[in-house]
2 protein chains.
Amino acid sequence: MSKPAYHHGDLESALLAGALERVRQVGAEKVSLRALAADLGVSPSAAYHHFPDKDALLSAAGFAAIDKLADQQELALAIISATGADGALARFRALGRSYVDFALNEPHLFRLAFGGHCVIPDALESDEPPRAWDILTSALDGLVEAGLLKAEFRENSEILVWSAVHGVATLILEGQLPAEAADGLFDSLAQMLGVRP
Amino acid sequence: MSKPAYHHGDLESALLAGALERVRQVGAEKVSLRALAADLGVSPSAAYHHFPDKDALLSAAGFAAIDKLADQQELALAIISATGADGALARFRALGRSYVDFALNEPHLFRLAFGGHCVIPDALESDEPPRAWDILTSALDGLVEAGLLKAEFRENSEILVWSAVHGVATLILEGQLPAEAADGLFDSLAQMLGVRP
DNA sequence: ATGATGATCTTTACACTGTACAGATATCCT
DNA sequence: AGGATATCTGTACAGTGTAAAGATCATCAT
(Lines give C-alpha, C1' and ligand atoms only; values in the text may rest on other atoms or scores of the structure.)
Protein backbone atom coordinates (compact mmCIF):
# COMPACT_ATOMS: atom_id res chain seq x y z
CA MET A 1 0.00 0.00 0.00
CA SER A 2 0.89 3.66 -0.05
CA LYS A 3 3.09 5.02 -2.80
CA PRO A 4 6.87 5.06 -2.34
CA ALA A 5 6.29 8.70 -1.66
CA TYR A 6 8.55 11.32 -0.30
CA HIS A 7 6.22 11.57 2.62
CA HIS A 8 6.52 7.87 3.29
CA GLY A 9 2.77 7.43 3.43
CA ASP A 10 2.22 5.98 6.85
CA LEU A 11 5.06 6.74 9.20
CA GLU A 12 3.11 6.51 12.42
CA SER A 13 2.23 2.85 12.16
CA ALA A 14 5.62 2.07 10.64
CA LEU A 15 7.25 3.60 13.70
CA LEU A 16 5.01 1.68 16.02
CA ALA A 17 5.58 -1.62 14.26
CA GLY A 18 9.31 -0.99 14.04
CA ALA A 19 9.57 -0.06 17.69
CA LEU A 20 7.59 -3.11 18.73
CA GLU A 21 9.78 -5.43 16.69
CA ARG A 22 12.98 -3.86 17.94
CA VAL A 23 11.88 -4.07 21.54
CA ARG A 24 11.01 -7.69 20.93
CA GLN A 25 14.52 -8.40 19.72
CA VAL A 26 16.81 -6.34 21.92
CA GLY A 27 14.72 -4.93 24.75
CA ALA A 28 13.24 -1.51 25.32
CA GLU A 29 16.31 0.23 26.71
CA LYS A 30 18.41 -0.64 23.67
CA VAL A 31 16.15 0.72 20.95
CA SER A 32 17.33 3.94 19.39
CA LEU A 33 14.90 6.39 17.89
CA ARG A 34 17.53 7.57 15.46
CA ALA A 35 18.44 4.09 14.31
CA LEU A 36 14.79 3.25 13.87
CA ALA A 37 14.24 6.40 11.81
CA ALA A 38 17.30 5.65 9.69
CA ASP A 39 16.02 2.16 9.05
CA LEU A 40 12.73 3.56 7.85
CA GLY A 41 14.61 5.92 5.55
CA VAL A 42 13.52 8.95 7.47
CA SER A 43 15.22 11.81 9.26
CA PRO A 44 16.15 11.62 12.98
CA SER A 45 13.42 13.96 14.12
CA ALA A 46 10.62 12.81 11.84
CA ALA A 47 9.06 10.79 14.62
CA TYR A 48 8.24 13.89 16.62
CA HIS A 49 5.34 14.73 14.33
CA HIS A 50 3.60 11.54 15.43
CA PHE A 51 4.71 11.02 19.01
CA PRO A 52 5.58 13.69 21.58
CA ASP A 53 8.76 11.84 22.57
CA LYS A 54 10.46 8.46 22.68
CA ASP A 55 8.65 7.39 25.83
CA ALA A 56 5.30 7.96 24.15
CA LEU A 57 6.30 5.69 21.28
CA LEU A 58 7.49 3.01 23.68
CA SER A 59 4.31 3.41 25.67
CA ALA A 60 2.22 2.87 22.54
CA ALA A 61 4.33 -0.16 21.71
CA GLY A 62 3.74 -1.39 25.24
CA PHE A 63 -0.01 -1.24 24.84
CA ALA A 64 0.39 -3.13 21.58
CA ALA A 65 2.39 -5.74 23.48
CA ILE A 66 -0.27 -6.21 26.13
CA ASP A 67 -2.75 -6.58 23.32
CA LYS A 68 -0.56 -9.24 21.75
CA LEU A 69 -0.64 -11.12 25.03
CA ALA A 70 -4.42 -11.03 25.06
CA ASP A 71 -4.46 -12.20 21.44
CA GLN A 72 -2.27 -15.13 22.33
CA GLN A 73 -4.54 -16.05 25.20
CA GLU A 74 -7.63 -16.03 23.02
CA LEU A 75 -5.79 -18.10 20.46
CA ALA A 76 -4.88 -20.63 23.11
CA LEU A 77 -8.55 -20.75 24.16
CA ALA A 78 -9.82 -21.18 20.62
CA ILE A 79 -7.80 -24.33 20.13
CA ILE A 80 -9.60 -26.17 22.91
CA SER A 81 -12.54 -28.09 21.54
CA ALA A 82 -13.60 -29.98 24.67
CA THR A 83 -16.91 -28.95 26.22
CA GLY A 84 -18.49 -29.20 29.63
CA ALA A 85 -16.37 -29.68 32.72
CA ASP A 86 -13.36 -30.96 30.82
CA GLY A 87 -13.44 -27.96 28.54
CA ALA A 88 -13.82 -25.48 31.36
CA LEU A 89 -10.87 -26.94 33.21
CA ALA A 90 -8.74 -27.16 30.08
CA ARG A 91 -9.53 -23.55 29.25
CA PHE A 92 -8.55 -22.46 32.73
CA ARG A 93 -5.16 -24.14 32.54
CA ALA A 94 -4.55 -23.00 28.97
CA LEU A 95 -5.07 -19.44 30.10
CA GLY A 96 -2.35 -19.70 32.70
CA ARG A 97 0.01 -21.58 30.43
CA SER A 98 -0.28 -19.13 27.56
CA TYR A 99 0.30 -16.22 29.94
CA VAL A 100 3.48 -17.71 31.34
CA ASP A 101 4.62 -18.89 27.92
CA PHE A 102 4.25 -15.40 26.54
CA ALA A 103 6.39 -14.00 29.33
CA LEU A 104 9.12 -16.58 28.76
CA ASN A 105 9.03 -16.53 24.96
CA GLU A 106 8.83 -12.74 24.64
CA PRO A 107 10.57 -11.46 27.75
CA HIS A 108 11.27 -8.02 26.33
CA LEU A 109 7.69 -7.47 25.26
CA PHE A 110 6.45 -8.70 28.62
CA ARG A 111 8.77 -6.32 30.47
CA LEU A 112 7.76 -3.47 28.21
CA ALA A 113 4.10 -4.13 28.92
CA PHE A 114 4.43 -4.39 32.69
CA GLY A 115 7.64 -2.55 33.45
CA GLY A 116 6.42 0.99 33.96
CA HIS A 117 6.70 2.05 30.32
CA CYS A 118 2.98 2.01 29.73
CA VAL A 119 1.52 5.27 30.90
CA ILE A 120 -1.64 4.61 32.80
CA PRO A 121 -4.33 6.55 30.94
CA ASP A 122 -6.89 6.65 33.75
CA ALA A 123 -7.30 2.96 34.10
CA LEU A 124 -8.41 3.25 37.71
CA GLU A 125 -11.59 5.06 36.82
CA SER A 126 -11.90 3.61 33.36
CA ASP A 127 -15.31 2.09 32.79
CA GLU A 128 -13.89 -0.86 30.92
CA PRO A 129 -11.46 -3.26 32.59
CA PRO A 130 -8.34 -4.62 30.84
CA ARG A 131 -8.89 -7.33 28.25
CA ALA A 132 -7.07 -9.88 30.39
CA TRP A 133 -9.70 -9.33 33.05
CA ASP A 134 -12.61 -10.09 30.73
CA ILE A 135 -10.97 -13.18 29.33
CA LEU A 136 -10.31 -14.45 32.82
CA THR A 137 -13.83 -13.66 33.99
CA SER A 138 -15.30 -15.82 31.25
CA ALA A 139 -13.04 -18.72 32.12
CA LEU A 140 -13.91 -18.51 35.81
CA ASP A 141 -17.61 -18.31 35.04
CA GLY A 142 -17.15 -21.43 32.96
CA LEU A 143 -15.63 -23.20 35.94
CA VAL A 144 -18.56 -22.23 38.13
CA GLU A 145 -21.13 -23.34 35.58
CA ALA A 146 -19.34 -26.64 35.24
CA GLY A 147 -19.57 -27.06 38.99
CA LEU A 148 -15.80 -27.11 39.36
CA LEU A 149 -15.34 -23.86 41.20
CA LYS A 150 -17.13 -23.46 44.49
CA ALA A 151 -19.32 -20.38 44.47
CA GLU A 152 -17.94 -19.26 47.82
CA PHE A 153 -14.52 -18.90 46.20
CA ARG A 154 -15.76 -17.08 43.14
CA GLU A 155 -15.55 -13.58 44.57
CA ASN A 156 -12.19 -11.87 44.05
CA SER A 157 -10.94 -14.92 42.23
CA GLU A 158 -9.99 -12.86 39.17
CA ILE A 159 -7.62 -10.91 41.36
CA LEU A 160 -6.18 -14.01 42.95
CA VAL A 161 -5.71 -15.93 39.73
CA TRP A 162 -4.44 -13.08 37.61
CA SER A 163 -2.05 -11.96 40.34
CA ALA A 164 -0.72 -15.45 40.93
CA VAL A 165 -0.18 -16.18 37.25
CA HIS A 166 1.34 -12.80 36.57
CA GLY A 167 3.54 -13.12 39.62
CA VAL A 168 4.88 -16.54 38.81
CA ALA A 169 5.57 -15.45 35.25
CA THR A 170 7.69 -12.46 36.29
CA LEU A 171 9.43 -14.30 39.13
CA ILE A 172 10.46 -17.06 36.75
CA LEU A 173 11.45 -14.51 34.15
CA GLU A 174 13.72 -12.68 36.59
CA GLY A 175 15.33 -15.84 37.84
CA GLN A 176 13.73 -15.83 41.28
CA LEU A 177 11.79 -19.02 40.72
CA PRO A 178 12.59 -22.08 38.58
CA ALA A 179 10.53 -22.70 35.48
CA GLU A 180 8.81 -25.68 37.08
CA ALA A 181 7.22 -23.34 39.59
CA ALA A 182 4.53 -22.55 37.02
CA ASP A 183 3.16 -26.10 37.06
CA GLY A 184 3.28 -26.16 40.82
CA LEU A 185 1.31 -22.97 40.87
CA PHE A 186 -1.37 -24.24 38.51
CA ASP A 187 -1.77 -27.34 40.62
CA SER A 188 -2.05 -25.31 43.79
CA LEU A 189 -4.54 -22.96 42.23
CA ALA A 190 -6.75 -25.72 40.91
CA GLN A 191 -6.60 -27.50 44.24
CA MET A 192 -7.42 -24.46 46.30
CA LEU A 193 -10.17 -23.30 44.01
CA GLY A 194 -11.86 -26.55 44.91
CA VAL A 195 -11.40 -28.05 41.49
CA ARG A 196 -11.23 -31.85 41.50
CA PRO A 197 -9.65 -33.13 38.31
CA MET B 1 36.35 6.04 57.73
CA SER B 2 38.91 6.73 55.05
CA LYS B 3 40.63 10.07 54.77
CA PRO B 4 39.23 12.83 52.53
CA ALA B 5 41.89 11.67 50.16
CA TYR B 6 42.51 12.45 46.56
CA HIS B 7 41.59 8.89 45.91
CA HIS B 8 38.27 9.40 47.58
CA GLY B 9 38.78 6.42 49.84
CA ASP B 10 35.79 4.30 49.11
CA LEU B 11 34.38 5.03 45.70
CA GLU B 12 32.82 1.64 45.14
CA SER B 13 30.31 1.81 47.96
CA ALA B 14 29.75 5.51 47.35
CA LEU B 15 28.82 4.70 43.77
CA LEU B 16 26.50 1.94 44.86
CA ALA B 17 24.81 4.06 47.49
CA GLY B 18 24.52 6.99 45.11
CA ALA B 19 23.10 4.86 42.34
CA LEU B 20 20.59 3.28 44.67
CA GLU B 21 19.41 6.64 45.94
CA ARG B 22 19.17 8.12 42.46
CA VAL B 23 17.21 5.17 41.17
CA ARG B 24 14.92 5.55 44.15
CA GLN B 25 14.22 9.14 43.25
CA VAL B 26 14.02 9.23 39.46
CA GLY B 27 14.01 5.65 38.23
CA ALA B 28 16.73 3.49 36.74
CA GLU B 29 16.57 4.72 33.15
CA LYS B 30 17.11 8.33 34.18
CA VAL B 31 20.27 7.91 36.23
CA SER B 32 23.40 9.17 34.56
CA LEU B 33 26.76 7.68 35.36
CA ARG B 34 28.44 10.98 34.55
CA ALA B 35 26.13 13.03 36.73
CA LEU B 36 26.62 10.58 39.57
CA ALA B 37 30.40 10.77 39.18
CA ALA B 38 30.27 14.56 39.07
CA ASP B 39 28.20 14.61 42.23
CA LEU B 40 30.79 12.48 43.98
CA GLY B 41 33.50 14.87 42.82
CA VAL B 42 35.06 12.31 40.59
CA SER B 43 35.89 12.06 36.90
CA PRO B 44 33.40 10.60 34.37
CA SER B 45 35.26 7.37 33.89
CA ALA B 46 36.27 6.72 37.46
CA ALA B 47 33.49 4.22 37.97
CA TYR B 48 34.98 1.82 35.46
CA HIS B 49 37.64 0.73 37.90
CA HIS B 50 34.95 -0.69 40.18
CA PHE B 51 32.20 -1.82 37.80
CA PRO B 52 32.62 -3.14 34.26
CA ASP B 53 29.84 -0.90 33.00
CA LYS B 54 26.73 1.01 33.95
CA ASP B 55 24.52 -2.08 33.84
CA ALA B 56 26.73 -3.82 36.36
CA LEU B 57 26.35 -0.91 38.77
CA LEU B 58 22.57 -0.89 38.31
CA SER B 59 22.52 -4.63 38.76
CA ALA B 60 24.37 -4.31 42.06
CA ALA B 61 21.96 -1.59 43.11
CA GLY B 62 19.13 -3.91 42.15
CA PHE B 63 20.36 -6.63 44.45
CA ALA B 64 20.65 -4.05 47.20
CA ALA B 65 17.03 -3.08 46.51
CA ILE B 66 15.77 -6.62 46.81
CA ASP B 67 17.69 -6.83 50.06
CA LYS B 68 15.99 -3.68 51.26
CA LEU B 69 12.66 -5.30 50.55
CA ALA B 70 13.60 -8.32 52.65
CA ASP B 71 14.77 -5.97 55.42
CA GLN B 72 11.45 -4.20 55.41
CA GLN B 73 9.61 -7.48 55.61
CA GLU B 74 11.60 -8.62 58.60
CA LEU B 75 11.02 -5.26 60.21
CA ALA B 76 7.29 -5.62 59.70
CA LEU B 77 7.45 -9.05 61.28
CA ALA B 78 9.44 -7.88 64.28
CA ILE B 79 6.79 -5.38 65.25
CA ILE B 80 4.16 -8.06 65.79
CA SER B 81 4.09 -9.16 69.39
CA ALA B 82 1.08 -11.47 69.30
CA THR B 83 1.75 -15.17 69.76
CA GLY B 84 -0.03 -18.38 68.87
CA ALA B 85 -2.68 -18.45 66.19
CA ASP B 86 -3.28 -14.70 66.28
CA GLY B 87 0.39 -14.03 65.87
CA ALA B 88 0.79 -16.48 63.02
CA LEU B 89 -2.09 -14.97 61.12
CA ALA B 90 -0.95 -11.41 61.80
CA ARG B 91 2.53 -12.28 60.62
CA PHE B 92 1.16 -13.77 57.44
CA ARG B 93 -0.83 -10.67 56.55
CA ALA B 94 1.97 -8.32 57.56
CA LEU B 95 4.23 -10.10 55.14
CA GLY B 96 1.91 -9.46 52.25
CA ARG B 97 1.19 -5.91 53.29
CA SER B 98 4.83 -4.93 53.63
CA TYR B 99 5.60 -6.45 50.25
CA VAL B 100 2.87 -4.49 48.50
CA ASP B 101 3.65 -1.36 50.46
CA PHE B 102 7.26 -1.52 49.41
CA ALA B 103 6.25 -1.77 45.77
CA LEU B 104 3.92 1.21 46.04
CA ASN B 105 6.17 3.36 48.21
CA GLU B 106 9.35 2.65 46.28
CA PRO B 107 8.15 1.92 42.76
CA HIS B 108 11.50 2.63 41.14
CA LEU B 109 13.39 0.35 43.48
CA PHE B 110 10.80 -2.35 43.01
CA ARG B 111 11.04 -2.11 39.23
CA LEU B 112 14.82 -2.11 39.41
CA ALA B 113 14.77 -5.26 41.51
CA PHE B 114 12.33 -7.19 39.33
CA GLY B 115 12.60 -5.48 35.97
CA GLY B 116 15.34 -7.45 34.29
CA HIS B 117 18.20 -5.29 35.55
CA CYS B 118 19.39 -7.82 38.06
CA VAL B 119 21.64 -10.27 36.30
CA ILE B 120 20.74 -13.73 37.44
CA PRO B 121 24.00 -15.17 38.83
CA ASP B 122 23.07 -18.83 38.70
CA ALA B 123 20.07 -18.63 40.93
CA LEU B 124 18.47 -21.66 39.31
CA GLU B 125 21.14 -24.00 40.57
CA SER B 126 22.03 -21.94 43.60
CA ASP B 127 21.96 -23.97 46.77
CA GLU B 128 20.39 -21.19 48.77
CA PRO B 129 16.98 -19.78 47.86
CA PRO B 130 16.20 -16.04 47.87
CA ARG B 131 15.69 -14.40 51.25
CA ALA B 132 12.03 -13.73 50.49
CA TRP B 133 11.54 -17.47 50.19
CA ASP B 134 12.95 -18.23 53.62
CA ILE B 135 10.96 -15.50 55.30
CA LEU B 136 7.80 -16.78 53.69
CA THR B 137 8.56 -20.38 54.58
CA SER B 138 8.79 -19.51 58.26
CA ALA B 139 5.49 -17.67 58.17
CA LEU B 140 3.73 -20.56 56.46
CA ASP B 141 5.20 -23.04 58.91
CA GLY B 142 3.84 -20.83 61.65
CA LEU B 143 0.38 -21.05 60.13
CA VAL B 144 0.56 -24.83 60.01
CA GLU B 145 1.76 -25.11 63.60
CA ALA B 146 -1.08 -22.85 64.68
CA GLY B 147 -3.49 -25.16 62.93
CA LEU B 148 -4.63 -22.41 60.59
CA LEU B 149 -3.23 -23.79 57.36
CA LYS B 150 -4.40 -27.21 56.31
CA ALA B 151 -1.46 -29.54 55.77
CA GLU B 152 -2.84 -30.65 52.41
CA PHE B 153 -2.40 -27.09 51.15
CA ARG B 154 1.08 -26.63 52.53
CA GLU B 155 2.94 -28.00 49.54
CA ASN B 156 3.79 -25.42 46.91
CA SER B 157 2.15 -22.75 49.01
CA GLU B 158 5.30 -20.61 48.98
CA ILE B 159 5.03 -20.44 45.22
CA LEU B 160 1.35 -19.62 45.31
CA VAL B 161 1.60 -16.98 47.99
CA TRP B 162 4.76 -15.29 46.77
CA SER B 163 3.49 -15.25 43.20
CA ALA B 164 0.11 -13.87 44.15
CA VAL B 165 1.52 -11.14 46.36
CA HIS B 166 4.21 -10.22 43.87
CA GLY B 167 1.68 -10.25 41.07
CA VAL B 168 -0.85 -8.04 42.79
CA ALA B 169 1.89 -5.61 43.75
CA THR B 170 3.13 -5.15 40.19
CA LEU B 171 -0.34 -5.10 38.66
CA ILE B 172 -1.39 -2.35 41.04
CA LEU B 173 1.86 -0.54 40.43
CA GLU B 174 1.35 -0.58 36.66
CA GLY B 175 -2.24 0.57 36.90
CA GLN B 176 -3.82 -2.71 35.86
CA LEU B 177 -5.53 -3.26 39.18
CA PRO B 178 -6.87 -0.76 41.73
CA ALA B 179 -5.09 -0.42 45.04
CA GLU B 180 -7.94 -2.13 46.91
CA ALA B 181 -7.17 -5.31 45.00
CA ALA B 182 -4.45 -6.05 47.54
CA ASP B 183 -6.92 -6.45 50.39
CA GLY B 184 -9.17 -8.56 48.23
CA LEU B 185 -6.23 -10.77 47.45
CA PHE B 186 -5.24 -11.21 51.08
CA ASP B 187 -8.80 -12.16 51.93
CA SER B 188 -8.96 -14.65 49.09
CA LEU B 189 -5.63 -16.15 50.05
CA ALA B 190 -6.54 -16.55 53.68
CA GLN B 191 -9.89 -18.04 52.74
CA MET B 192 -8.49 -20.48 50.25
CA LEU B 193 -5.63 -21.52 52.48
CA GLY B 194 -8.31 -22.72 54.83
CA VAL B 195 -7.64 -20.05 57.40
CA ARG B 196 -10.65 -19.20 59.54
CA PRO B 197 -10.20 -15.84 61.20
C1' DA C 1 -6.73 25.54 -12.29
C1' DT C 2 -4.91 28.35 -8.60
C1' DG C 3 -3.49 29.64 -4.45
C1' DA C 4 -3.61 29.23 0.41
C1' DT C 5 -3.48 26.18 4.43
C1' DG C 6 -1.96 22.64 7.15
C1' DA C 7 0.34 18.30 7.58
C1' DT C 8 4.53 15.99 6.98
C1' DC C 9 9.36 15.54 6.62
C1' DT C 10 14.47 17.56 6.51
C1' DT C 11 18.29 20.25 8.18
C1' DT C 12 20.95 21.93 11.49
C1' DA C 13 22.33 22.30 16.03
C1' DC C 14 22.91 21.48 21.04
C1' DA C 15 23.59 19.32 25.24
C1' DC C 16 24.31 15.05 26.99
C1' DT C 17 25.35 10.13 27.28
C1' DG C 18 28.43 5.68 27.97
C1' DT C 19 32.90 4.31 27.57
C1' DA C 20 37.78 3.35 25.45
C1' DC C 21 42.57 4.78 26.03
C1' DA C 22 46.69 6.76 27.81
C1' DG C 23 48.75 9.09 31.42
C1' DA C 24 48.99 10.96 36.31
C1' DT C 25 48.97 10.02 41.25
C1' DA C 26 48.72 7.77 45.53
C1' DT C 27 49.36 3.42 48.34
C1' DC C 28 51.62 -0.70 49.57
C1' DC C 29 55.08 -4.31 49.66
C1' DT C 30 59.87 -5.75 49.72
C1' DA D 1 64.41 3.50 49.29
C1' DG D 2 62.18 1.98 45.00
C1' DG D 3 59.26 -0.43 42.15
C1' DA D 4 54.61 -2.65 41.45
C1' DT D 5 49.78 -1.90 41.67
C1' DA D 6 45.44 0.04 42.43
C1' DT D 7 43.02 4.11 41.76
C1' DC D 8 41.70 8.21 39.57
C1' DT D 9 42.13 12.09 35.67
C1' DG D 10 42.04 13.93 30.89
C1' DT D 11 40.85 13.64 26.52
C1' DA D 12 38.37 11.95 22.90
C1' DC D 13 34.77 9.62 20.11
C1' DA D 14 30.60 7.86 18.52
C1' DG D 15 26.00 7.91 19.53
C1' DT D 16 21.75 9.69 21.81
C1' DG D 17 17.12 12.50 22.41
C1' DT D 18 15.11 16.48 20.94
C1' DA D 19 14.31 21.69 19.94
C1' DA D 20 13.78 25.18 16.04
C1' DA D 21 13.30 26.74 11.53
C1' DG D 22 12.83 25.76 6.83
C1' DA D 23 11.43 22.74 2.81
C1' DT D 24 8.05 19.86 0.49
C1' DC D 25 3.81 17.74 -0.37
C1' DA D 26 -1.54 16.98 -0.26
C1' DT D 27 -5.91 18.96 0.11
C1' DC D 28 -9.51 21.98 -0.60
C1' DA D 29 -12.04 26.49 -1.19
C1' DT D 30 -12.41 29.68 -4.63
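The chains referred to below are lettered A, B, ... by the order of the sequence lines, with proteins before strands, and numbering in each begins at 1. Hydrogens, waters and symmetry mates play no part in the numbers below; they use all other heavy atoms, side chains included.
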(request) Return the value, rounded to whole Å, for the distance between atom NZ of B:K30 and atom P of C:dT17. (result) 12 Å
(request) Output yes when A:R131 and A:E74 qualify as a salt bridge under the 4.0 Å nitrogen-oxygen rule, no when they do not. (result) yes
(request) Rounded off to whole Å, could you give me the CG-to-C1' distance for the A:L57 and D:dT18 pair? (result) 14 Å
(message) Counting C-beta onward and ignoring hydrogens, is there a side-chain heavy-atom pair between B:L57 and B:Y48 closer than 4.5 Å?
(response) no
(request) Report the distance from atom CG of B:L15 to atom P of D:dT7, rounded to the nearest whole Å. (result) 12 Å
(request) May I have the distance from B:L36 (atom CG) to C:dT17 (atom C1'), rounded to whole angstrom? (result) 14 Å
(request) Evaluate whether atom CD of A:E155 has more than 12 neighbouring non-hydrogen atoms of other residues, nucleotides or ligands under 6.0 angstrom away. (result) no
(request) In whole angstrom, give the distance that lies between atom CZ of B:F51 and atom P of D:dC8. (result) 12 Å
(message) Quick check on C:dC9: is either OP1 or OP2 less than 4.0 Å from any side-chain nitrogen or oxygen of A:H50?
(response) yes
(message) If you compare every side-chain N and O of B:S32 against the phosphate oxygens of C:dG18 (OP1, OP2), does one of them come in below 4.0 Å?
(response) yes
What are the atom names and distances for every N/O pair under 3.5 Å that joins the protein to nucleotides 19-23 of chain C?
unit_1, atom_1, unit_2, atom_2, d
C:dT19, OP2, B:Y48, OH, 2.6
C:dT19, OP2, B:K54, N, 2.9
C:dT19, O5', B:Y48, OH, 2.9
C:dT19, O4, B:R34, NH1, 2.9

(request) Look only at the side chain of B:S59 and the backbone of B:D55, and say whether a donor-acceptor pair between them is shorter than 3.5 Å. (result) no
(request) Round to a whole Å and report the spacing from CD of A:E29 to C1' of C:dG18. (result) 14 Å
(request) Let me know the distance between CG of B:D10 and C1' of D:dA6, rounded to the nearest Å. (result) 14 Å
(message) Quick check against the 3.5 Å criterion: does B:S163 have a side-chain atom that pairs as donor or acceptor with the backbone of B:L160?
(response) no
(message) If I take atom CG in residue A:L11 and atom C1' in nucleotide C:dT10, what distance separates them, rounded to the nearest angstrom?
(response) 12 Å
(message) I'd like to know if the side chain of B:S188 reaches the main chain of B:L185, judged simply by a donor and an acceptor atom lying under 3.5 Å from each other, with no hydrogens or angles considered.
(response) no
